[in-house]
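Worksheet for the structure shown next.
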2 protein chains.
Amino acid sequence: MLNHSLANPVARPHWGQMLPGGVESPEFLAGQPALVATEFSYGRNESIYGEGEPAEYVYQVIRGAVRSYKLLNDGRRQIGAFHLPGDLFGLESGSTHRLTAEAIVDTSLRMVKRRALEAAANSDVRIACTLWTMTAGELRHAEDHMLLLGRKTAAQRVATFLLEMDRRISTAGMFALPMGRGDIADYLGLTLETVSRTLSQLHGEGVLGFSGARQITLRNRPRLAAMDA
Amino acid sequence: MLNHSLANPVARPHWGQMLPGGVESPEFLAGQPALVATEFSYGRNESIYGEGEPAEYVYQVIRGAVRSYKLLNDGRRQIGAFHLPGDLFGLESGSTHRLTAEAIVDTSLRMVKRRALEAAANSDVRIACTLWTMTAGELRHAEDHMLLLGRKTAAQRVATFLLEMDRRISTAGMFALPMGRGDIADYLGLTLETVSRTLSQLHGEGVLGFSGARQITLRNRPRLAAMDA
DNA sequence: CGCGAATTTGATCGACATCAAGTACCGTGG
DNA sequence: CCACGGTACTTGATGTCGATCAAATTCGCG
């Protein structure tokens, strides 16, 4: 049961104000006096919650990575988002989760009871605003991702993905992907072979460097940004 | 300047409660004493707001239909949603619109100043809840649509579309589409030829009937629901 | 070092896109 | 009411990007 972290809920927590980045990174959950947070760990590929299950908690990634996805009845999968350290996920306005969440690698999460959060929102408009802002950030990402899935070419999808990971987890222009090619494919609406081929081609063109399949260095970010359209 | 309509903001406007349908149909904007609504009409293909423009109003469709979309720099378009009578749209948590909105046919809209709504939300948690619920409904739709765009076949996409329109605008199992094949294609991530061919095939199989290209009767809803996966 | 899983690479296929006519729809004006 | 014209839609022929099928390699962990 922890409840430390910063005391600034969100930069300017008032209606009409919002972070550009949406749900990424801000320490929303923390700094709420009345909210008790629990910490819990999940192993690689372990399920955190399933689609359709009651939404009892809201989560924040402390360490590790999480994928949220939907399945078609024949097993085709669409990953809607990856949740990385600092990210919040699992917040629902309705009563159930609409995607399944799984740990990609060993992962630690901070959990807060959703009902406690809602009770707090009822008495504190700043918290209510925070919940709205968080959902709006997820919506923004989903809108961008619909454009990617509906209209971008394979190369553009991979470029967008690399730039997203660069923005979210890179230090010194280098990052280690927590997820495999299959997860990337299911996020981008491609096959893992197409993802692999596209990455190989970018490597061949000198746009990126590898140190093992998942350690990536961006060597030509403007080129990627131009591809992205 | 009108402000009539029902006085029931939303079925049970409290945190933790939400309509299954999301943004469709509820008369959210109405029944808020302090909110002044303006009515305005737009002609076919007329722009309501553009991506990146300041978000000054929230809109409700009174009559007609609206498309919200994003463009790639080469003109490829992804329609994120169609807004039909009763629907709210244009609500942003940030300061600008992230999609462009255009009238598909001659359309009447009710408009409320976004700042007035935010002011109301600051003093009334029920309104704050309504804003969150609305954004969450849009997110739910976007999540479903990502699965469609990333993983469904052309036939499944068209089946999903027909069932969505049936749910939203059909009376007696029949409806008139306000949008053309090109709009449907850009919503489903296909070409207009593929949409046309798929509809023709469903017509040939007796799953649906036409009375003119846009007047559709569903003759075998279970079949469509089964295709949809 | 060795083993299973992940990734890469190659060959081929197929669903949907693209290119190209035809045809039907529908609002307008005679 | 009907002829007209432009747009929307349908249908056909062909092309292509990414999927699928099938082995190699490589990775990374024990």
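What you see below is based on every heavy atom in this structure, not just the backbone, and it leaves out hydrogens, waters and symmetry mates. Numbers restart at 1 for each chain; the letters A, B, ... are given by sequence-line order, proteins then strands.
The distance between atom CG of A:Leu202 and atom C1' of C:dT8, rounded to the nearest whole Å, is 15 Å. Rounded to whole Å, atom P of C:dA6 lies 15 Å from atom CG of A:Leu177. Between the P atom of C:dC16 and the CG atom of B:Leu192 lies a distance of 15 Å, rounded to the nearest Å. Atom NE2 in A:His203 sits roughly 16 Å away from atom P in C:dT7 (whole-Å rounding). Atoms CZ (B:Arg151) and C1' (D:dA19) sit 10 Å apart, rounded to a whole Å. Between B:Arg181 atom CZ and C:dC25 atom C1' there is a gap of 11 Å when expressed in whole angstrom units. B:Asp74 has its CG atom 10 Å from the P atom of C:dT18, to the nearest Å. Atom P of nucleotide D:dA23 and atom CZ of A:Arg197 are separated by 15 Å, given to the nearest angstrom.
Set against C:dA17, D:dA19, C:dT8, the side chain of A:Thr191 has D:dA19 as its closest nucleotide. Between D:dT10, C:dC16, C:dT9, one nucleotide has an atom nearer to the side chain of B:Thr194 than all others, and that is C:dC16. For B:Leu190, taking side-chain heavy atoms from C-beta onward, the closest of the listed nucleotides D:dT10, C:dC16, C:dT7 is C:dC16.
Under the 4.0 Å criterion applied to side-chain N and carboxylate O atoms, A:Glu205 and A:Arg223 are assigned as salt-bridge partners. Electrostatic pairing of A:Lys70 and A:Glu51 counts as a salt bridge here, judged by a charged N lying under 4.0 Å from a carboxylate O.
B:Gln78 and B:Tyr187 share no donor-acceptor pair across their side chains, judged by distance under 3.5 Å alone. Under 3.5 Å, the side chains of A:Ser41 and A:Ser108 contain a donor-acceptor pair of N or O atoms.
The side chain of A:Ser196 places no N or O atom within less than 4.0 Å of a non-bridging phosphate oxygen (OP1 or OP2) of C:dA6. OP1 or OP2 of C:dA17 has not a single side-chain nitrogen or oxygen of B:Arg76 nearer than 4.0 Å. Remark: A:Arg214 is in phosphate contact with C:dT7, judged by side-chain N or O atoms under 4.0 Å from OP1 or OP2.
Using a distance-only test at 3.5 Å, with no hydrogens or angles considered, a donor-acceptor pair links the side chain of B:Asp87 to the main chain of B:Leu84.
Counting atom types as modelled, A:Gln215 pairs no side-chain N or O with a base atom of D:dC27 as donor and acceptor under 3.5 Å. With hydrogens and angles ignored, a donor-acceptor pair closer than 3.5 Å exists between the side chain of B:Glu193 and the base of C:dC19.
Annotation: of the two residues near DNA chain D, A:Arg157 and A:Gly212, the 5′-most nearest-nucleotide partner is A:Arg157. The residue among A:Ala213 and B:Gly189 whose nearest nucleotide of DNA chain C lies closer to the 5′ end is A:Ala213.
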